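Heads up: the structure comes next, in structure tokens.
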Amino acid sequence: MNRTRRRSAVLAAVLAAGLVLGGCAGGGNDTAADHRKSAPRLPEGGRTAAPAPADGRTAGQGEGQGEGRSADAPEGEQRAPSPAPDYLSTFALDVDTASYGYARRSLAEGRLPEPSTVRPEEFVNSFRPDYPRPADDGFSVTVDGAATGADGWSLVRVGLATRGADPDGERPPAALTFVVDVSGSMGETGRLDLVQHSLRLAADGLRDDDSIALVAFSDEAETLLPMTRLGDARGRIREAVDTLAVRSSTNLEAGLSTGYDVAAAGHRKGAVNRVVLLSDALANTGETAADALLSRIEGQRREHGITLFGVGVGSEYGDELMERLADRGDGQTTYVSTRDQARKVFVDQLPVQVEPRARDAKAQVAFDRETVERFRLIGYENREVADEDFRDDRVDGGEIGAGHTVTALYAVKTRPGASGRIATATVRWLDPESRAPSERSGTVGTQALGARLWDAGHDSLQLSAISAYFAEELRGGGLPGAPRLAELAAYADAIRDRSGSAVVGELADAVRQADRLIGERPREEGEFRSSDPYA
């Protein structure tokens, strides 16, 4: 799988410059004490050497770039901006939201989330801007932005959207294999009982011509229900759900292997075939190494076209493993901790998002070096794609369903007095049935960045910015022009008051909880918060 291309030069160059790495994923050294350390300096440009940008100019060495490379950095050390020489940024699309849901759960329980579990793109994509929708399958492309107030810095937003579910309900049938963790840790209130509630909702909300299978696993896996058309079998499905009971250890390997075997045996041609994993992803028995589990998922995906939807539960949650499984399974993750969230996922979203709109979707943003001095993609570190692989359709991208939106934010510093094009954003995808490739593009110029971000009339862009700034603070970084957390909460309150949105109110509450917890945390000796995190 080529979705993630880690660059060893990132760690080497940053450490050589004596910079502080904030929020490295899975490195084992991040604690709550790291939350206020200053972030790494932004590089000139954004990534590795690649083909020429869309305007035909040569993509060469960016000003002031480092040139050294070394062996791959250790697993998880991928949060620093890349000191790369060109003006292209390429990534696979992502509609995961689990990171934001789990962070809210942690904050509500009075603890800061581990920086390694915070992925800004999942915070941002937890909210759906009202981008224009295309009339056909594929994507609309919206590019906008605003000045942040820091010297020369702006936020540039790339927004992609797919057509919603057909109003007459026409879609392919779904063949869903639910793989349920019934290990001992699932006995905590709000885990297995919430999963059972979610499964009952799914059984009620899906169509008669959809199919469901049910696999339970602890130390071993057991098929409780083979692939079964719903029709008049809903009562039998509920009975199977009611038999779920907590057992012993967590053999995730057994659960996934059996689940994919059941999905393959019940594979329906012309249907959307998907494994839905409901677990806290805390594997402790059988094969627990991520790479071995990932290889199993990738093989089934390639052979049978079976995708994975990961639903995380529990106050202790294996976030990194679940995310990597979904990435390799060409799927997505979410996190639920309440019945309201379960209803949103299994009633409002799952039935209408069954139909895929695009496969192997990737985005590439070409910045204009005559107007742009520096840029940084906020998040998407685990979705990086080599620039030269953008049009290589053998390289895996993201699967995007009906009604999805995808948002990517860039911190961009323009050159003094610059005027003209800032960037061209292009999305490329394969048709779900024919696998024929298509592309669409959108551009943004300096005139679009004249207004300030926090001026009136920018609610949608402000909400994206609040989410990104919030995530960056939680993982120990910083962005030019980022308000303090208390200010972010106030901006979110104002949007909630204007829109009446309860989910924006939940964001404001989470930001305030984080501000309080960070304020209560003892600072390390010599630790400071720079007013300019890139100074």
Side-chain angles (χ1 to χ4, degrees), residues 5 7 9-10 13-14 17 19 39-69 80-91 141-148 150-159 362-381 383-391 408-428 439-450 453 468 479-481 532-535:
R5 298 293 179 93
R7 291 166 176 78
V10 174
V14 171
L19 302 174
R41 187 185 302 275
L42 277 178
E44 303 278 350
R47 296 176 53 83
T48 55
D55 61 3
R57 290 177 293 103
T58 301
Q61 179 77 16
E63 300 89 340
Q65 301 286 334
E67 298 180 1
R69 292 185 180 274
S82 172
D86 68 68
Y87 274 60
L88 291 174
S89 169
T90 310
F91 59 95
V141 182
T142 303
V143 192
D144 59 7
T148 65
D151 182 27
W153 287 97
S154 299
L155 281 184
V156 170
R157 180 174 66 165
V158 176
K362 293 171 260 184
Q364 185 169 85
V365 183
F367 289 89
D368 192 312
R369 66 178 63 247
E370 294 183 1
T371 57
V372 174
E373 180 179 322
R374 301 178 183 178
F375 67 90
R376 172 187 165 192
L377 174 60
I378 303 170
Y380 288 96
E381 290 89 354
R383 296 292 194 271
E384 287 185 349
V385 172
D387 296 330
E388 61 269 23
D389 289 340
F390 177 59
R391 291 185 173 90
L409 284 177
Y410 288 85
V412 176
K413 185 172 186 179
T414 52
R415 299 186 185 278
S419 178
R421 184 177 71 93
I422 294 289
T424 297
T426 302
V427 58
R428 181 180 177 88
E439 293 185 8
R440 285 201 178 115
S441 297
T443 63
V444 65
T446 53
Q447 71 279 4
L449 308 182
L453 175 61
L479 292 167
D532 178 1
Y534 297 94

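In this chain, residues are counted from 1 in sequence order. Here the structure is a predicted model, which means the values were calculated and not measured.
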So which heavy atom on [X] is nearest to which on [Y], and how close?
X      : Y      : result
Ala411 : Leu479 : CB-CD2, 4.3 Å
Ser441 : Thr426 : OG-OG1, 2.7 Å
Val412 : Phe375 : CG2-CB, 4.1 Å
Ala366 : Leu88  : CB-CD2, 3.5 Å

Reference residue Val444; test side-chain contact (heavy atoms from CB on, under 4.5 Å); the match among Val143, Val365, Thr142:
Val143

Return yes if some donor-acceptor pair links the side-chain N/O of Tyr87 with the main-chain N/O of Val372 below 3.5 Å, else return no.
yes

With a 3.5 Å distance limit and no angle check, can you tell me whether Lys413 reaches the backbone of Pro480 through a side-chain donor-acceptor pair?
no

For Ala418, the side chain to side chain contact (heavy atoms under 4.5 Å, CB included) test, sequence neighbours excluded, returns Thr371, Arg415

Side chain to side chain contact (heavy atoms under 4.5 Å, CB included) partners for Ser419, two or more places apart:
Thr446

To the nearest 0.5 angstrom, please state how far the [atom1] atom of [X] sits from the [atom2] atom of [Y].
X      : Y      : atom1 : atom2 : answer
Ser89  : Tyr380 : OG    : OH    : 10.0 Å
Ile378 : Leu155 : CD1   : CG    : 5.5 Å
Leu409 : Arg376 : CG    : CZ    : 11.5 Å
Phe390 : Thr90  : CZ    : OG1   : 7.0 Å

Note, Asp387 side chain near Gln364 side chain (heavy atom, < 4.5 Å):
yes

Looking at side-chain heavy atoms only, is the closest gap between Ile422 and Thr414 below 4.5 Å?
yes

Applying salt bridge (charged side-chain N to carboxylate O under 4.0 Å, His left out), can you list everything that pairs with Arg428, at least two apart in sequence or on another chain?
Asp393, Glu439

Are Arg383 and Phe91 in a cation-pi setup, meaning NZ or CZ lies under 6.0 angstrom from the ring centre and within 45 degrees of the ring axis?
no

